[in-house]
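Comments concern the structure below.
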Amino acid sequence: MRALSKLNIKIIFHLMGLLLVVNGGFILIAALVSYLYADGVVMEMFLAGIVGSMIGGVIMFLTKNHRKEIEKREGYMIVTFGWIFMSLVGTLPYIFTGAIPSFTNAFFETMSGYTTTGASILSDIESIPKGVLFWRSITHWIGGMGIIVLAIAILPLLGIGGMQLFAAEAPGPGGDKLHPRITDTAKRLWLIYVGYTIAETILLKIAGMSFFDAINHSLSTLSTGGFSTKNASMAYWNDQPIIQYIVIVFMFLAGTNFVLSYFAFKGKFSKIFNDEEFKAYSFFIFLFTAIAALLIYFRADVSISSIAHPMVWGEFESAFRHGLFQVLAIVTTTGFVSADYTLWTPFLTIFFFGLMFLGGSAGSTSGGIKVMRHLIMIRNGLLEFKRTLHPHAILPARYNKKAVPQPIVFNILGFFILYMLSFIIGTLVFSWLGLDFETALGGAASTLGNVGPALGDLGPVENYGNLPAAAKWWASFLMLIGRLELFTVLILFTPFFWRNR
């Protein structure tokens with residue numbers, strides 16, 4: 001408790017209040033959408049926005065006299081409770097409009113939005129008022145950008161999950177860095193994020209989507225979230241391949257390190273092509289797409305079992321497009337669905353399940369373990385063979401032609417072990433709560449990796465609505481810890497966090 005007394009509690013709550021005021025502002029934007037589309041819930045949405053903003057404003061007023069210092073303990077609490085507070089207030093539009101009257105379901109949907117998981121309890125999405133659907137997509141977009149700022153600016157300072165290495169590649173001072181100041185870093189990334197969102201919206205509108213569908217899917221794509229305005233998700237546009245190819249391009253961009261996008265706009269393309277994570281990420285997408293496309297073409301009857309509309313451009317193009325789309329949707333943890341991949345072949349079902357553990361690039365909006373961590377773990381594992389033969393040799397793992405400090409290697413290995421333990425415990429708890437083996441396994445991997453669609457009763461054409469209430473709360477917890485890099489949340493459960501420093 002002595003450590004608790006030293007915490008700068010006021011600044012923690014002050015920042016929580018600020019987040020809720022911003023949250024309320026976005027709800028009011030969704031209320032404007034309700035008004036424009038006359039969906040019948042304008043007053044309810046407006047009231048939800050006012051209430052959310054007022055709660056935040058009152059908290060800020062009560063904590064206005066705070067010390068302007070944030071140390072590591074405060075940092076962990078701000079990040080964790082920020083997501084929780086925003087998810088609690090984010091339920092208001094669902095509850096006030098009656099779109100999701102159950103608080104458990106509303107919290108699940110909101111947490112799934114902010115963590116950019118895309119798992120939904122809704123069975124008839126198209127019957128939901130447009131303002132509420134827009135709010136649902138906005139939760140993705142807010143959460144996605146929040147993760148970018150976290151990865152670039154905050155987590156490296158806290159030393160989370162090997163992100164110190166990423167800090168060395170992105171925001172610090174020096175010639176090859178993005179920018180020395182966190183606020184300026186965040187501004188540049190916001191600009192890129194907003195620019196990509198606008199560009200995708202325009203392209204999808206030109207390709208044939210309605211403006212409402214285009215902006216909602218852009219918000220979901222850039223955040224690698226996966227909420228759609230259609231019950232069939234992206235399979236609704238299976239007869240319009242150009243729409244799916246546009247989404248494919250932006251899923252790929254959303255799964256890459258956003259700092260590389262900044263370098264691209266500055267014309268520093270050598271930094272992109274020399275980045276080992278980007279090269280590995282691109283190679284994995286190419287390799288896994290080739291495997292999936294060939295198996296779909298030769299083994300799966302996609303024309304009958306998996307696609308809602310007739311194929312165009314021939315069978316091979318369709319196999320390639322659906323293979324590429326689903327590989328990117330799973331690897332980047334976007335979770336859009338163009339087909340029910342569990343009907344293709346048993347091998348591809350297990351294949352896509354395995355891809356849930358890959359994740360996109362560090363500094364992207366993707367969830368999962370991240371390609372950078374896999375690269376360093378693989379290289380360190382291979383070096384163990386050399387170390388066995390030459391026990392006295394100094395053989396550091398290298399990343400982007402630089403030796404990776406041993407503490408960071410240990411941190412990454414610790415993260416991986418903790419991730420797998422969380423997956424195993426997540427599966428056991430789901431099984432204990434009544435889910436069958438396949439559903440429990442897929443549900444744990446999907447929620448922890450922020451993917452969305454899973455296996456079994458939680459497959460690509462199913463939803464999470466039939467889960468027991470306790471399982472929804474457990475899934476919400478897994479989504480939170482997976483999105484916030486495990487250590488950020490789980491450290492709050494350790495006794496030494498609360499001891500006197």
Side-chain angles (χ1 to χ4, degrees), residues 26-27 29-42 45 93-94 97 99-100 109 112-113 116-144 193-254 307-310 312 321-322 325-326 328-329 332 334-339 365 452-453 460-461 463:
F26 277 110
I27 297 175
I29 294 173
L32 178 61
V33 173
S34 281
Y35 172 76
L36 293 174
Y37 284 94
D39 62 5
V41 294
V42 180
M45 290 294 293
Y94 297 123
T97 61
I100 307 178
E109 196 79 9
S112 178
T116 71
T117 303
S120 180
I121 55 86
L122 296 172
S123 56
D124 187 6
I125 297 166
E126 294 169 36
S127 68
I128 302 296
K130 281 186 163 54
V132 179
L133 285 181
F134 185 75
W135 168 244
R136 185 168 170 262
S137 300
I138 279 286
T139 58
H140 269 348
W141 199 73
I142 298 170
Y193 193 66
V194 172
Y196 278 158
T197 305
I198 293 171
E200 186 183 1
T201 301
I202 293 170
L203 289 173
L204 288 177
K205 179 69 175 72
I206 293 171
M209 270 192 183
S210 70
F211 177 73
F212 181 78
D213 288 335
I215 192 168
N216 276 273
H217 285 87
S218 297
L219 295 172
S220 293
T221 304
L222 268 302
S223 62
T224 63
F227 279 155
S228 176
T229 55
K230 303 297 182 184
N231 294 330
S233 187
M234 288 303 299
Y236 183 87
W237 291 279
N238 276 342
D239 57 351
Q240 295 173 268
I242 186 63
I243 287 178
Q244 293 184 346
Y245 281 119
I246 290 169
V247 173
I248 282 170
V249 169
F250 284 95
M251 278 198 293
F252 180 84
L253 290 173
I307 299 180
H309 299 279
V312 294
R321 172 163 43 93
H322 288 286
F325 190 98
Q326 288 305 148
L328 269 170
T332 64
T334 306
F336 279 140
V337 174
S338 70
T365 55
V461 295
N463 62 59

Practice item. Can you see which heavy atom on Ala99 is nearest to which on Val132, and at what distance? Key: CB-CG1, 4.0 Å
Exercise for review: Measure the spacing between CZ of Phe250 and OG1 of Thr221 and express it to the nearest 0.5 Å.
Suggested key: 8.5 Å
Point to revise | 4.5 Å side-chain heavy-atom contact, Ser220 and Thr334 | key: no
Point to revise | Phe212, CZ atom: more than 12 neighbouring heavy atoms under 6.0 Å | key: yes
Revision key, fill the gap. Looking only at heavy atoms, the pair that brings Pro129 and Val41 closest together is CB-CG2, 3.7 Å
Review point. Under the 3.5 angstrom rule, does the side chain of Thr365 hit a backbone N or O of Leu222 as a donor-acceptor pair?
Key: yes
**Study point:** Reported CE-to-NE2 distance for the pair Met234 and His217, which is rounded to 0.5 angstrom
**Key:** 5.5 Å
Exercise for review: Please name the pair of heavy atoms, one in Gly131 and one in Met45, separated by the smallest distance, quoted to 0.1 Å.
Suggested key: O-CE, 3.7 Å
Review point. Counting only N and O atoms by type, is there a donor-acceptor contact under 3.5 Å from the side chain of Asp213 to the main-chain atoms of Thr229?
Key: no
Check your understanding: In Å, rounded to the nearest 0.5 Å, how long is the span from CH2 of Trp135 to OH of Tyr94?
Key -> 7.5 Å
Point to revise | Thr116 and Trp141, any side-chain heavy atoms less than 4.5 Å apart | key: no
Exercise for review: Evaluate side-chain contact (heavy atoms from CB on, under 4.5 Å) for Thr201 paired with Phe211, printing each intermediate quantity in order.
Suggested key: CA-CA 7 Å; Thr201 301; Phe211 177 73; 3.9 Å; yes
Practice item. Give the minimum heavy-atom separation between Ala207 and Ile246, together with the two atoms involved. Key: CB-CD1, 3.7 Å
Check your understanding: Just how far is it from atom CD1 of Ile138 to atom CD1 of Ile215, taken to the nearest 0.5 Å?
Key -> 7.0 Å
Check your understanding: When you look at Ser338 and Gln326, which way does the side-chain contact (heavy atoms from CB on, under 4.5 Å) test go after all the steps?
Key -> CA-CA 7 Å; Ser338 70; Gln326 288 305 148; 3.3 Å; yes
Check your understanding: Distance-only, no hydrogens or angles: does the Asn216 side chain make a donor-acceptor pair with backbone N or O of Ser137 under 3.5 Å?
Key -> no
Practice item. Only counting residues at least two apart or in another chain, list the ones meeting salt bridge (Lys or Arg N to Asp or Glu O under 4.0 Å) with Glu109. Key: Arg136
**Study point:** Ser233: partners by side chain to side chain contact (heavy atoms under 4.5 Å, CB included), with sequence neighbours left out
**Key:** Ser228, Phe336, Val337
Check your understanding: Does Lys230 count as lying over the ring of Tyr236, i.e. NZ or CZ under 6.0 Å from the six-ring centre, within 45 degrees of the axis?
Key -> yes
Practice item. Of all the heavy-atom pairs spanning Pro460 and Ala339, show the shortest one and how long it is. Key: CB-O, 4.2 Å
Review point. Can you tell me if Gln244 uses its side chain to pair, donor with acceptor, with the backbone of Phe325 under 3.5 Å?
Key: no
Check your understanding: Do you see a donor-acceptor pair shorter than 3.5 Å between the side chains of Thr224 and Thr332?
Key -> no
Practice item. Decide yes or no for Glu200 and Ile202: does some side-chain heavy atom of the first lie under 4.5 Å from some side-chain heavy atom of the second? Key: no
Point to revise | Sub-4.5 Å side-chain heavy-atom contact between Ser223 and Tyr193 | key: yes
Check your understanding: Hey, are the side chains of Val247 and Leu204 touching, using non-hydrogen atoms and a 4.5 Å cut-off?
Key -> yes
Check your understanding: Can you tell me how far CG of Asn463 sits from OG of Ser123, rounded to the nearest 0.5 angstrom?
Key -> 6.0 Å
Practice item. Identify the heavy atoms of Gln240 and Gly208 that sit nearest to each other, and give their distance. Key: NE2-CA, 4.3 Å
**Study point:** Whether Ser112 side chain and Ser120 backbone form a donor-acceptor pair below 3.5 Å
**Key:** no
Check your understanding: At what distance, to the nearest 0.5 angstrom, does CZ of Phe134 lie from CG of Leu219?
Key -> 5.5 Å
Check your understanding: Donor-acceptor pair, His140 side chain versus Gly113 backbone, under 3.5 Å?
Key -> yes
